[in-house]
Structure formats: structure tokens, C-alpha cells
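Take a look at the structure set out below.
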2 protein chains.
Amino acid sequence: MTIGPLSKQTGCNIETIRYYERIGIMPKPPRTEGGHRIYREEHLKRLTFIRRSRELGFTLDQVRNLLMLVDGDDFTCDEVKTMTLDHADDVHRKIADLKKMERVLKDMVSQCNRGDVPDCPVIDALFQTRACLS
Amino acid sequence: MTIGPLSKQTGCNIETIRYYERIGIMPKPPRTEGGHRIYREEHLKRLTFIRRSRELGFTLDQVRNLLMLVDGDDFTCDEVKTMTLDHADDVHRKIADLKKMERVLKDMVSQCNRGDVPDCPVIDALFQTRACLS
DNA sequence: TATGGGACCTGTAGTTGGTACAGGTTCAAG
DNA sequence: CTTGAACCTGTACCAACTACAGGTCCCATA
């Protein structure tokens, strides 16, 4: 399988696959005489793993760690569980932050019922020093 | 006021203030003979506006637009309201995505009650092609 | 008035996670 | 044997900053 089909099967951009190789989270695959990359099932699996982890919001650094655990196959289920829980916490905090943001934005807008007067409560709110978030 | 005090009063990094000047969303301030930047109340206000908008998740491009509306002071309340509502929608979508993420992560972890066996349901889940998000 | 050191200056490079070319080569179908 | 799609490398770019290095300025204190 060349890079094109791999790209199609994983939904991962060709440039991105080459980027993953460059930064070392995908292995350098064998090549044809002419220099084209040839991938096999194992590459497909690994790239799927990476994409899936990224979809779930793991950073490439976290993915790297997960892959090290997998590669070493001396990982403990516990290590992986811990990483995942930590990450779940991050996501949870992010949700909370965004909810605050949303509330503030909606509040600002709800102050606004005038049509086209150049005296806008949203703008006023943005000029407030008081941090509503945090 | 020099850049240090401005930084302290806004909570905005000195390097960031200079960056904002470079990209043109903060105006070039007057200087002392020796070349130190001197800021006044108006700069403090503007920077506060920028930081507050950024805190609320507006991109610098959106901030630029908001500032254009403010500067021109021919903006209509409606334009600002629209921008803010659009942005609130973005935030809303982001929250939904993160919630899905969180659910998948928690589900993965809940499969995991073994101690240190190198056969981990989380890893298995990450190897699944099936996209649970999307 | 000299001086020490903290605050400031410019310019460049690095970060994350990719994307977007340009300009050239290879592969495979017809 | 030709043609054009797919591939190659290398570099530059995106947001939104941050982090130096290496030099200058300012002002409080002795």
C-alpha cells in the first residue's frame, strides 16, 4: 500500500502522515526502488491508533507516551488508565471553562435589544476590567 | 506608564504587548528619548479590551474586527451582536464535542478494572477503527 | 557624580499540529 | 512510449504567543 491509499483508509492527510514520520511517531517505512513509501497492515493500525487518540484530544506528546507503552509491551494497564483519567480531567476542566464563556457571551448579548445605536452593551462589557471568568 | 506597569495592570505578558504592537492591534506608542515605550489610559483600556476578548475565546482576527467597529464608531450594535452570537455558537459546539470526548474516555476507563495486566481495554479501544466521535 | 542593577530595547527562533506550495521524479495504464 | 496522476523533498506558512541573546537606558543610592 502506498501513502495515498493509507491516507484514504485512515482519513489522515498525506502531508500529515509524512509529518508524523518526520517527528518520529510513525516509523520510516520501506520504499520502492523509486523511493515511494510502502505501508503494511501494521502501519495502518498504528496510524489509526494515532488518529483516534488525537480525535480524543490527546496531544502528540501524550500519544507518543501511549505508543511507548504499547511498543515496550511491558506497560501496565494502570499507567494507561492514569493517563486517560488525567486527560479526562483536562477535558472536564475545559468544558467548565467553555460553559462559563458561553454564559458570559449570552449574558452580554441578552443586554442588547437595541437595533443600530452605536452604544453597545457588548462592547461596554468587553471594556470592563473585571474578569468574569476565572 | 512604561511597558512593565502596563503588563502588571492588564496581566498581559510584556512580550505579548510588543507582539500586539507588531501585528498592529495595539498602536505604536510614543517613546522616551532613550526609546522606551510610554503608555497612557487609552492604551490600558484598549489592551484590557483585547485581553478580555481573548479570555472569552475571540480570535485575534475577531478582536481586530471588534476593534475596527469600535474605532470607526460607525458600528451598529447589530453587527457586534451577530459576531458575539456566532462566537457563542462556536463555543457551544466545542462544548458538545468535548462532552462526547469525555464520555468516550470515561467509558474506556470504566472497562478497565484489572491491575497491571499488559492487556489493556483502553489501548484496545484506541486501536479500534470505528470512530466514536464524529 | 559615579555606578549598579533592574527595566527596557531589537531581532530572531521556537512552540503545537499540522497545511500549502514549488519544482522535480516515478509509476502504471493505454 | 507517452501521459498524467501519484509520489518525492524541502521550505515556508498558520495562530498566538514565548523565550532567548545581546545590547541600551533609567534612576536610586552611595
Side-chain angles (χ1 to χ4, degrees), chain A residues 1-40 43 46-67 87 90-91 94 97 101 133, chain B residues 1-26 28-40 43 46-67 87 90-91 94 97-98 101 133:
Chain A
M1 179 177 18
T2 54
I3 204 170
L6 181 64
S7 165
K8 235 154 246 165
Q9 284 189 54
T10 54
C12 181
N13 208 318
I14 287 180
E15 325 268 36
T16 305
I17 297 173
R18 289 199 281 248
Y19 168 71
Y20 284 164
E21 183 182 328
R22 204 162 61 247
I23 64 168
I25 71 172
M26 280 294 284
K28 285 181 194 297
R31 305 278 189 132
T32 64
E33 299 251 311
H36 288 196
R37 290 168 177 82
I38 314 164
Y39 295 101
R40 271 186 259 103
H43 297 102
R46 194 182 181 86
L47 186 52
T48 302
F49 183 95
I50 296 169
R51 289 317 295 176
R52 182 122 180 75
S53 305
R54 294 284 303 123
E55 258 187 76
L56 287 171
F58 287 97
T59 65
L60 280 179
D61 230 47
Q62 290 171 317
V63 176
R64 218 187 297 271
N65 287 338
L66 286 170
L67 284 169
H87 179 50
D90 280 0
V91 171
K94 214 168 232 166
D97 285 353
M101 246 185 231
L133 309 172
Chain B
M1 177 179 18
T2 53
I3 203 169
L6 180 64
S7 166
K8 234 155 247 165
Q9 284 190 54
T10 54
C12 181
N13 207 317
I14 286 179
E15 324 268 36
T16 305
I17 298 173
R18 290 200 279 249
Y19 167 73
Y20 285 163
E21 182 183 329
R22 206 162 60 245
I23 64 168
I25 72 172
M26 280 295 282
K28 285 180 194 298
R31 305 277 188 131
T32 63
E33 299 251 310
H36 288 195
R37 291 170 178 80
I38 313 163
Y39 295 100
R40 270 184 260 103
H43 297 102
R46 193 182 182 87
L47 186 51
T48 302
F49 183 94
I50 296 169
R51 288 317 296 174
R52 182 118 180 77
S53 305
R54 293 283 305 121
E55 257 187 76
L56 287 170
F58 287 96
T59 64
L60 280 179
D61 232 47
Q62 291 173 316
V63 176
R64 218 188 296 272
N65 286 338
L66 287 169
L67 284 169
H87 179 49
D90 281 359
V91 171
K94 213 167 231 165
D97 286 352
L98 285 174
M101 247 184 232
L133 309 172

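We name chains A, B, ... by the order of the sequence lines, and we start the count at 1 in each one.
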Query raised in the report: When you measure from the side chain of A/Thr10 to the backbone N and O of A/Leu6, does any donor-acceptor pair fall under 3.5 Å?
Result: yes
Requested in this report: Answer yes or no: is there a donor N or O on one side and an acceptor on the other, between the side chain of B/Thr2 and the main chain of B/Ile38, under 3.5 Å?
Outcome: no
Between [atom2] of [N] and [atom1] of [X], the distance in whole Å:
X: B/Gln62; N: D/dA16; atom1: CD; atom2: C1'; result: 14 Å
X: A/Leu47; N: C/dG18; atom1: CG; atom2: P; result: 11 Å
X: A/Arg31; N: C/dT25; atom1: CZ; atom2: P; result: 16 Å
X: B/Arg54; N: D/dA15; atom1: CZ; atom2: P; result: 11 Å
X: A/Arg22; N: D/dT11; atom1: CZ; atom2: P; result: 11 Å
X: A/Met1; N: C/dC27; atom1: CE; atom2: C1'; result: 18 Å
X: A/Glu15; N: D/dC13; atom1: CD; atom2: P; result: 16 Å
X: B/Asp61; N: D/dC17; atom1: CG; atom2: C1'; result: 15 Å

N or O in side chain of [X] less than 4.0 angstrom from [N] OP1/OP2:
X: B/Tyr20; N: D/dC17; answer: yes
X: A/Arg51; N: C/dG17; answer: no
X: A/Thr2; N: D/dC7; answer: yes
X: A/Arg37; N: D/dT9; answer: yes

Report task. For A/Phe58, report the nucleic acid contact type (base, sugar-phosphate, nothing); a contact means any heavy atom under 4.0 Å. Result -> nothing
Given [options], identify the nucleotide with an atom nearest to the side chain of [X].
X: A/Thr32; options: C/dC9, C/dC27, D/dC17; result: C/dC27
X: A/Tyr19; options: C/dT10, C/dT19, D/dC17; result: C/dT19
X: A/Ile3; options: C/dC8, D/dC7, D/dT9; result: D/dC7
X: A/Arg18; options: C/dC9, D/dC17, D/dC7; result: D/dC7

Report task. Could you say whether B/Thr16 or B/Glu33 is positioned toward the 5' end of DNA chain D, judged by the nucleotide with the nearest heavy atom to each? Result -> B/Thr16
Query raised in the report: Does A/Gly4 or B/Thr59 map to a spot on DNA chain D nearer the 5' end, using the closest nucleotide for each?
Result: A/Gly4
Side chains of [X] and [Y], heavy atoms from C-beta outward: is any pair under 4.5 Å?
X: B/Ile17; Y: B/Tyr39; result: yes
X: A/Lys94; Y: B/Lys94; result: no
X: B/Leu47; Y: B/Gln9; result: no

Report summary line: Result for 5'-nearest mapping on DNA chain C, choosing between A/Leu60 and B/Ile14, is B/Ile14
